Amino acid sequence: MFASIVTISLAAILTNNFIFSQFLGICPFLGVSNKMSTATGMSVAVIFVMTMASAICWVINEFLLIPFGVAGFMQTVAYILVIAVLVQFVEMFLKKAIPALYSAMGIFLPLITTNCAVLGVVLLNTQNSYNFLESVIDGFTGGIGFTVAIVLFASVRERLEFADYPKAFEGFAICLVTAALFALAFMGFSGMKIPV
Amino acid sequence: MNAKKQLTEGLITNNPVLVQQIGLCATMAISTTLFNGIGMGLSVLIILTCCNVVVSAIRKIIPGQVRLAIFVVVIAGFVTIVDLLLQAFIPALSSALGVFIPLIVVNCIIIGRAEAFSSKEGVFLSFRDGVFQGLGYTCVLVIMCLFRELLGSGTIGGGLLNGANSFITLDGTGAGIRIIPEGFGAGALILPFGGFLTLGLLMAVMQYALRKSSEKKAKKEKEVKE
Amino acid sequence: MKKAIDFIKPAVILLLVAAVVALVLGLVDMMTRDRIEAIAEQTKTNAMNAVLEAPSYEALDVTGAPADIDEAYAAEGGGWVVQVTETGSQGAVTMMVGVNPDLTCSGISVTKSSETAGLGAIASQQSAAGDAFRSQFVGQSGTVAVTKDGGTINALTGATITSRAISTGVTAALALCESLG
C-alpha cells in the first residue's frame with residue numbers, strides 16, 4: 001500500500017511529470033509562467049482542481065457509470081462536466097476571497113477546464129484502475145508536479161527577459177526551446193523507483 | 001469572407017498551432033510517426049468540423065451563461081464517437097494515440113473555434129472554418145512527424161508504409177521507409193525533449209517568415225505612396 | 001418570478017443537450033461494442049498464440065500470486081501463458097509470457113506499454129530489431145536478467161529500464177509456473 005503510494009507520487013512529480021514527459025497542460029504552462037506570482041497562483045488552483053476532480057470522478061465512475069454499464073461511452077462526457085463545474089466553483093470562491101489573485105489569473109482560470117492535465121489525470125486514473133486513495137494521491141501529486149515544473153520554468157523565464165536571442169524566437173518559441181532543455185533534465189529521473 | 005482567405009488563414013496566417021499557439025500538448029506528444037500524425041490530424045479535423053457545424057446550428061438557442069458547458073458536452077460527444085469508431089475499426093491507431101484521443105475534448109483548438117468563430121457565424125462558414133483550421137493543424141502535425149521521425153528514428157512513414165502484406169497498412173505494423181541506417185538517428189528527437197525543440201524551432205521559422213512578408217508588404221506600400 | 005425563469009432556462013437547455021448527446025453515444029456504443037470486444041478478444045488470443053501456440057487456453061486462479069501477475073492460463077497440450085505487468089520507464093508495461101512444460105520461456109509479446117518511441121517502444125514493435133530483442137528470451141529459464149545485471153539479455157539501445165522490466169516480468173512468470181507445475 002505504502003509502496004504503491006510512494007511509487008505513484010514519485011512518478012507524478014518527477015519521472016512522469018505531466019508537463020515534461022507526458023505533454024499534458026502545456027497551454028497554461030506557457031501562458032502563466034511569465035511571472036512567478038501568477039505561476040504560483042495558477043499552481044494552487046490546479047492542485048486543488050486536480051485533487052478534487054480525481055476524487056469526484058472516481059466516485060462517479062465507480063457508483064454511477066459502472067453500475068449502469070455506460071462507463072465505456074459516458075466517461076469522457078461525465079468527467080469533463082465535473083471538471084467544468086469544479087472550476088466554476090474555484091472561480092466563484094477566488095472572486096470573493098482573493099480578488100487580487102482572481103484578476104491576476106484573468107483568462108487562465110476558466111481555461112483550467114481545458115487544461116489537459118486535469119482531464120488527463122482522471123482518465124489515466126481510470127485507465128490504470130487506481131483505487132480511491134491512489135486516485136486522490138495521483139491527482140494531488142500530479143498537481144505538485146505541475147507546480148514544480150511551472151515554478152522552475154517561471155524563474156528561468158524571468159531571466160530570459162534579459163537574454164539576447166534571435167528575434168524570430170520571441171514569445172512562445174524561445175519558451176519551448178527552454179522547456180526542451182527542462183525535459184532533457186527531467187529525463188534523468190526516468191526509471192527511478194522505490195525498491196519494494 | 002471568401003474560401004481562399006479562410007484557407008490561407010487556417011494554413012498560414014492564423015494557423016492554430018504556429019500562430020494562435022493553441023493545442024500544443026497533443027502536437028508535441030504524438031508527433032513521432034507519420035501514422036500517429038495523420039491519424040490525430042484527421043481525427044481533430046473531423047471533430048472540429050462536426051462541432052463547428054452543430055454549435056453554429058444551435059448558436060441562437062444557447063444561453064450565454066452555460067455556453068461553455070454546452071460546447072464542452074457537444075465536443076465530448078463527438079470525441080467519444082470518434083474514439084469508439086477508432087477502437088472498432090482502426091484499433092492500432094487507437095492504441096497508439098491512447099489517452100490523447102479522449103483528450104481532444106480539451107484541445108483548445110476546438111473550444112477556441114467554437115467560442116471565437118462558430119458561435120457567431122453561419123453553418124456553412126463554420127463548416128469551412130472547421131475543415132481549413134483542421135487542415136492547418138494536420139499540416140503542422142505532419143511536418144513535425146516527418147522531421148522528428150526522419151532525424152530521430154531514420155524512417156519515413158512509420159506505422160503506415162511498408163506493411164507486412166501491402167505497401168500501405170492501417171494496422172500500425174509498417175516499419176516505414178528507412179532513410180538513415182538504424183542506430184544513426186538522433187534518438188533524442190523522439191523523446192519529449194525533441195517535441196519541445198521541434199515545435200519551438202518551427203514556431204521561430206513561422207514568425208521569421210511572417211515578419212519578412214509583412215516587412216515586404218510595408219515596403220511595397222511605402223513605394224506606392226512615394 | 002422572472003429570476004427563476006432566467007435560472008431554469010439555461011439549465012433545461014443544458015440538460016436537453018446532454019440528453020441528446022447521451023442518446024447518440026448510446027446508439028454508437030451499441031453499434032460498436034461487439035466489434036470492440038471481439039477485437040480485444042482477438043488481440044489477446046493472437047498475443048497468446050504468438051508466445052505459445054495451443055488450440056485453447058484455460059484461465060487459472062492467480063489470487064495470492066505476486067502483485068505483478070495479472071492472469072495465467074494453462075495451454076491445452078502443456079505449458080502456460082502468463083500475463084505480467086511491470087513498471088518500465090514511462091509507466092506500466094504489460095506482457096504475455098509463454099512457458100513450456102519444462103519451465104523454459106517459449107516466447108514473449110508486449111501487449112501494452114507507453115515506452116519511449118524509438119527506444120523502449122521497440123520492444124513491442126513488429127520490426128527486425130523488436131523480433132531480435134524478444135527472441136533472446138526464448139529458452140531462458142530461472143532468473144532472467146540483462147547483461148548489465150549479470151544476465152544474458154542484450155538490452156535495447158538506450159532502453160535498459162524497459163529491457164530490465166521485461167526481464168523481471170519473464171522471471172516472475174517462470175517462478176509462477178514453477179509453483180504451479
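Naming: A, B, ... by sequence-line order, numbering from 1 per chain. The structure displayed is predicted, hence computed values, not measured ones.
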- prompt: Is there any ring-ring contact (aromatic ring centres under 6.0 Å, His included) pair reaching into residues 43-69 of chain A, and which pairs are they, with sequence neighbours excluded?
  reply: A/Trp58-A/Phe132
Closest-packed option against chain B by number of heavy-atom pairs under 4.5 Å, given A/Phe172, A/Phe20, A/Phe182: A/Phe172
Counting backbone as well as side chains, what donor-acceptor pairs lie under 3.5 Å between chain A and chain B?
| residue | atom | partner | partner atom | Å |
| --- | --- | --- | --- | --- |
| A/Glu170 | O | B/Gln207 | NE2 | 3.2 |

query: Heavy atoms, side chains only, cut-off 4.5 Å: are B/Leu103 and B/Val106 in contact?
result: yes
B/Cys25 SG to A/Ile26 CD1 distance, which is reported to the nearest 0.5 Å: 5.0 Å
- prompt: Hey, are the side chains of B/Ile62 and B/Phe71 touching, using non-hydrogen atoms and a 4.5 Å cut-off?
  reply: yes
- prompt: So which part of B/Leu197 gets closer than 4.5 Å to some heavy atom of chain A, the side chain, the backbone, both or neither?
  reply: both
field: 4.5 Å side-chain heavy-atom contact, B/Phe147 and B/Leu151
entry: yes
query: What about the rings of B/Phe196 and A/Phe23, do their centers lie closer together than 6.0 Å?
result: yes
- request: Could you have a look at B/Ala209, B/Gly200, B/Ala76 and say which one has the most heavy-atom pairs with chain A under 4.5 angstrom?
  value: B/Gly200
query: So which of A/Leu124, A/Leu119, A/Val177 has the biggest tally of heavy-atom pairs under 4.5 Å with chain B?
result: A/Leu119
- prompt: By ring pair (Phe, Tyr, Trp, His ring centres under 6.0 Å), which residues pair with B/Phe127, not counting sequence neighbours?
  reply: none
query: Between SG of A/Cys57 and CG of A/Leu81, what distance do you get to the nearest 0.5 Å?
result: 10.0 Å
task: Side chain from CB out, backbone as N, CA, C, O: work out which of these in A/Ala179 comes under 4.5 Å of a heavy atom of chain B, or both, or neither.
output: both
- request: Heavy atoms only: give me the nearest B/Leu150-B/Ile180 pair and the separation to one decimal.
  value: O-CD1, 3.4 Å
query: Are there residues of residues 140-152 of chain A that reach to under 4.5 Å of chain B by heavy atoms, and which ones?
result: none
- prompt: Is any side-chain heavy atom of B/Leu93 closer than 4.5 Å to a side-chain heavy atom of B/Met40?
  reply: no
- request: List the atom of A/Ala180, the atom of B/Phe193, and the distance in Å for their closest heavy-atom pair.
  value: O-CD1, 3.0 Å
- request: Find out whether B/Leu199 and B/Leu18 are in side-chain contact, i.e. whether some heavy atom of one side chain is under 4.5 Å from a heavy atom of the other.
  value: yes
